[in-house]
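The next block holds one structure in the form of structure tokens; read it before the comments.
Note that this is a predicted model, so its numbers are computed, not measured. For reference, positions follow the sequence shown, starting with 1. Numbering of ligands and ligand atoms starts at 1, following listing order.
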Amino acid sequence: MSTPDVRAYYEDSYHFDEDVERPNFARLWRALRFLEPLQGAAFLDLGSGVGWATNLALSRGGAALGVGLDFSGRALTSAKRFTPGGSWVHADGTRLPFVDASFDRAFSFGSLEHFPDVRGGLRELYRVLKGGALAVVVVPNFWVRTDQPLEFRATRRGWTQLLTESGFRVLRVGTDWGPSILKNRKPLRVVLRVLVRLVSLVPALRYQFVFVVQKADAAPSGERGRDRKP
Ligand SMILES: C[S@@+](CC[C@H](N)C(=O)[O-])C[C@H]1O[C@@H](n2cnc3c(N)ncnc32)[C@H](O)[C@@H]1O
């Protein structure tokens, strides 16, 4: 699928309206809390959708700067409306319009696997983080399918390899159990979500991985600890 077609899908078809109407703050926070402390941090959400993670990082986490980047104008229109305190950037996640070492914390939930160049997205994420900064990258297991046009598939081992090849140190791997069972009440969807939960009970088949990763600390040993966020 060509890039314009992929963009058209997010402009015309993706369920951003449902994301606005039924945010799942508890699910997002379960992944975001691994980035604490967020207080005073410069925070980036890569593939932000309608912006709820940035909203939480600012309102609950106390981030000083909350930047959400997405290539869907439709998503960012909602993000601006519901989180006017965020900074919203319309750009491609594989070419970030930020200088090196701009952010203390980064988050990407269910987005990187849809980039046309996943390695390029991870390289960019690494580049824009400060030395020693933390990121949470939530990505699906190999068997997960959605309606989205591009879907990179990997096991936990495959994602770990990609992250380490991009320079990140993997600190821990948590689980995201998927959308809440009653996200909407379409009977077939409810049944599918119950099945997803059951399958995810098998560790190798968990739904999504919550990778907590760190950029190597680039500061020379004498500088370590100075000018860094707690
Ligand atoms: C499954 S949605 C997840 C959105 C949000 N993170 C959330 O949790 O609701 C995937 C998002 O990735 C964005 N996206 C896909 N490819 C992208 C790219 N190359 N650059 C920037 N954003 C992209 C889409 O527009 C969409 O908002």
Side-chain angles (χ1 to χ4, degrees), residues 1-35 43-58 66-83 86-98 103 105-125 127-128 135-141 144-153 174-180 183-184 189 193 196 207-211:
M1 207 177 215
S2 70
T3 307
D5 291 342
V6 174
R7 283 183 182 244
Y9 168 83
Y10 289 104
E11 294 304 344
D12 304 335
S13 309
Y14 186 75
H15 53 71
F16 290 123
D17 297 342
E18 190 175 310
D19 293 350
V20 164
E21 281 161 27
R22 284 191 276 273
N24 190 337
F25 291 119
R27 182 181 178 203
L28 277 175
W29 186 255
R30 272 194 291 275
L32 258 177
R33 71 197 154 107
F34 291 115
L35 292 178
F43 169 90
L44 169 68
D45 184 8
L46 183 56
S48 63
V50 298
W52 294 130
T54 301
N55 184 303
L56 280 177
L58 290 164
V67 178
L69 179 141
D70 205 286
F71 77 175
S72 164
R74 187 161 68 94
L76 294 179
T77 300
S78 293
K80 280 177 200 155
R81 178 160 168 226
F82 294 103
T83 311
S87 303
W88 303 104
V89 179
H90 193 199
D92 188 327
T94 59
R95 287 193 301 272
L96 299 182
F98 310 117
F103 297 97
R105 297 285 186 267
F107 188 71
S108 189
F109 193 110
S111 295
L112 265 156
E113 72 273 20
H114 304 298
F115 286 12
D117 175 8
V118 177
R119 281 187 176 77
L122 286 172
R123 264 198 310 274
E124 279 291 87
L125 185 63
R127 180 182 69 73
V128 302
V136 162
V137 175
V138 183
V139 282
N141 210 337
V144 174
R145 304 281 186 279
T146 71
D147 297 337
Q148 293 167 75
L150 298 177
E151 221 150 34
F152 182 86
R153 302 199 172 106
T175 301
D176 170 64
W177 297 93
S180 65
K183 184 180 178 199
N184 62 42
R189 290 278 167 185
R193 289 188 206 113
V196 160
Y207 181 73
Q208 294 208 103
F209 307 111
V210 179
F211 281 97

key: Any donor-acceptor N/O pair, Gln208 side chain to Gly110 backbone, under 3.5 Å   = no
ask   = Run the side chain to side chain donor-acceptor pair (under 3.5 Å) check on Asp70 and Ser72 step by step: do they pass?
value = CA-CA 5 Å; Asp70 205 286; Ser72 164; 4.6 Å; no
task = Run through ligand 1 for me and note each protein residue having a heavy atom under 4.0 Å from it, chain first, then residue number.
result = Tyr10, Tyr14, Phe16, Gly47, Ser48, Gly49, Asp70, Phe71, Ser72, Ala91, Asp92, Gly93, Phe109, Gly110, Ser111, His114, Phe115, Pro116, Gln148
query = Considering residues at least two apart in sequence or located in another chain, which fulfil the salt bridge (Lys or Arg N to Asp or Glu O under 4.0 Å) criterion with Glu18?
reply =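 Per chain and number, Glu18 pairs via salt bridge (Lys or Arg N to Asp or Glu O under 4.0 Å) with Lys183.
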message = Restricting to salt bridge (Lys or Arg N to Asp or Glu O under 4.0 Å), what partner residues turn up for Arg81, sequence neighbours left out?
response = none
request  = Only pairs at least two apart or in different chains count here, so list each salt bridge (Lys or Arg N to Asp or Glu O under 4.0 Å) that has a residue in residues 19-34.
outcome  =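 Residue pairs with at least one partner in residues 19-34: Arg27-Asp176.
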request  = State whether the number of non-hydrogen atoms from other residues, nucleotides or ligands found under 6.0 Å of Arg95 atom CZ is greater than 12.
outcome  =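 No, the 6.0 Å shell around CZ holds no more than 12 heavy atoms from other groups.
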